[in-house]
Every structure is written in structure tokens, then in C-alpha cells.
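Heads up, the thing below is written out as C-alpha cells.
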Amino acid sequence: QVQLVESGGGLVQAGGSLTLSCAPSTRTFSSYAMGWFRQAPGKEREFVACISASGGMRYYADSVKGRFTISRDNAKNTVSLQMNNLTPEDTAVYYCAADRNRVKIVVPDYWGQGTQVTVSS
């Protein structure tokens, strides 16, 4: 059974914003570092952002730093990615991931099924 479920993807114009959400289905991930990866057409999957179990430490890829914000609500067991000032280069399938490491994602232990984000020029 799917343990991470993403939502919030869609079509947006360049300069616009979207918020992605990730929620567990059959497991509690409050003790896991969680984050987001993406895979654009013709490219390999790349790291986007992650957040520690406590929410106190956040890490971002250089390509999204200053534009994207990751957050989590452990009471609700949800993780969100606020994406602002989107560009066509942000077009990709975005995947939620979780790592037993409490601090950061190194090698994800769990993956969501992905949600498509398309940014038009």
C-alpha cells in the first residue's frame, strides 16, 4: 500500500505559485526526515528540498533556494512545499520522500507516486 501521497500539482504560468502536500497513508513519519525530489523530461531525478524530523533544519537545492519553502506539521503528519516565482525549468514530476535519518534525506526509504507540475512560459 502507498505510504506517501502527494497532491497539489497542476498547470501554472511562469511567475505563479503552487503548493504541494504530502501525507502518509499507513505509517507515521514524524521521526523521519522528509522532502521532495523532481524529475524533468529527459533528466535524472534530482533533490529539491528536505526537512528534519523536528522541522528545525531545512535544506534546499541551489536552483530553488529563495523561491521554495518546505514545512511540516507533525501533528497532522503532513509535509508541504510552497513554490513561488515558478519558471518553465521547474516543470517536472515531483515526488515526496522519507528517510529514517532524522536530520536529512540521504537515501530515501519511502517514496510517493508523484504529482505533475507544469509551468508555461
Side-chain angles (χ1 to χ4, degrees):
Q1 272 52 54
V2 177
Q3 296 178 310
L4 300 174
V5 181
E6 303 98 333
S7 63
L11 176 64
V12 65
Q13 292 182 321
S17 300
L18 282 175
T19 299
L20 305 183
S21 296
C22 176
S25 59
T26 61
R27 174 184 274 268
T28 298
F29 288 94
S30 296
S31 63
Y32 287 64
M34 300 191 69
W36 297 87
F37 290 72
R38 67 185 182 186
Q39 187 166 18
K43 298 182 180 179
E44 294 187 346
R45 190 173 300 183
E46 65 176 351
F47 169 78
V48 176
C50 67
I51 186 169
S52 63
S54 69
M57 303 176 69
R58 310 179 193 206
Y59 307 88
Y60 298 93
D62 289 343
S63 60
V64 307
K65 189 174 183 179
R67 299 189 298 121
F68 291 10
T69 302
I70 188 170
S71 62
R72 70 189 299 162
D73 185 340
N74 284 341
K76 297 181 178 180
N77 247 355
T78 59
V79 179
S80 297
L81 183 69
Q82 175 66 46
M83 306 185 294
N84 297 323
N85 195 24
L86 288 162
T87 75
E89 292 187 351
D90 295 314
T91 294
V93 177
Y94 284 71
Y95 298 89
C96 182
D99 196 322
R100 294 172 64 187
N101 186 323
R102 287 182 168 85
V103 178
K104 62 186 184 298
I105 293 179
V106 180
V107 179
D109 295 296
Y110 299 94
W111 292 96
Q113 293 179 316
T115 185
Q116 176 71 47
V117 172
T118 302
V119 184
S120 63
S121 60

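- At least one side-chain heavy atom of Met83 sits under 4.5 Å from a side-chain heavy atom of Leu20.
- Gln13 and Ser120 are not linked by any side-chain donor-acceptor pair at a separation below 3.5 angstrom, with hydrogens and angles left out of the test.
- Leu18 and Leu11 fall into different hydrophobic clusters, where Ile, Leu, Val, Met, Phe, Trp and Tyr residues are linked whenever their side-chain heavy atoms come under 4.5 Å apart, directly or through other members.
- Atom CD of Glu89 has 12 or fewer neighbouring heavy atoms from other residues, nucleotides or ligands inside a 6.0 Å radius.
- Side-chain atoms of Glu46 and Arg38, non-hydrogen and from C-beta on, do get closer than 4.5 Å to each other.
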**Request:** Go through the steps to decide whether Ser31 and Arg102 satisfy the test side chain to side chain contact (heavy atoms under 4.5 Å, CB included), and finish with yes or no.
**Result:** CA-CA 6 Å; Ser31 63; Arg102 287 182 168 85; 4.1 Å; yes
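- Among residues at least two apart or in separate chains, disulfide (SG to SG under 2.5 Å) pairs with a member in residues 70-121 are Cys22-Cys96.
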**Request:** Carefully, step by step, assess Val79 and Trp36 under the rule side chain to side chain contact (heavy atoms under 4.5 Å, CB included).
**Result:** CA-CA 9 Å; Val79 179; Trp36 297 87; 3.9 Å; yes
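- The closest side-chain heavy-atom distance from Met34 to Ile70 is not below 4.5 Å.
- Residues meeting the side chain to side chain donor-acceptor pair (under 3.5 Å) test with Ser30, sequence neighbours left out: Asn77.
- One finds the OG1 atom of Thr91 at 10.0 Å from the NZ atom of Lys43 (value rounded to the nearest 0.5 Å).
- Taking the side chain as every heavy atom from C-beta outward, Asn84 and Ser17 approach each other to under 4.5 Å.
- Exactly one of Glu6, Arg45, Gln3 qualifies for a side-chain contact (heavy atoms from CB on, under 4.5 Å) with Trp111. That residue is Arg45.
- Of all non-hydrogen atoms in Val48 and Val64, the two that sit nearest each other are O-CG2, 3.5 Å.
- If you check the side chains of Thr118 and Gln116, you find a donor sitting under 3.5 Å from an acceptor.
- Sequence neighbours left out, the pairs with a member in residues 58-87 that pass salt bridge (Lys or Arg N to Asp or Glu O under 4.0 Å) are Arg67-Asp90.
- Between Thr115 and Val93 the shortest side-chain heavy-atom distance does not fall below 4.5 Å.
- Checked against ring-ring contact (aromatic ring centres under 6.0 Å, His included), Phe29 has the following partners two or more places apart in sequence or in another chain: Tyr32, Tyr110.
- When every heavy atom of Ala53 is checked against every heavy atom of Asn74, the shortest pair comes out as O-ND2, 2.8 Å.
- Sorted by first and then second residue, the ring pair (Phe, Tyr, Trp, His ring centres under 6.0 Å) pairs with a member in residues 43-87 read Phe37-Phe47; sequence neighbours excluded.
- Side chain of Asp99 to backbone of Val106: a donor-acceptor contact under 3.5 angstrom is found.
- Without hydrogens or angle criteria, Gln39 side chain to Tyr94 main chain gives no donor-acceptor distance under 3.5 Å.
- When every heavy atom of Leu81 is checked against every heavy atom of Ala49, the shortest pair comes out as CD1-CB, 4.2 Å.
- Residues passing the disulfide bond (SG atoms under 2.5 Å apart) test with Cys50, sequence neighbours excluded: none.
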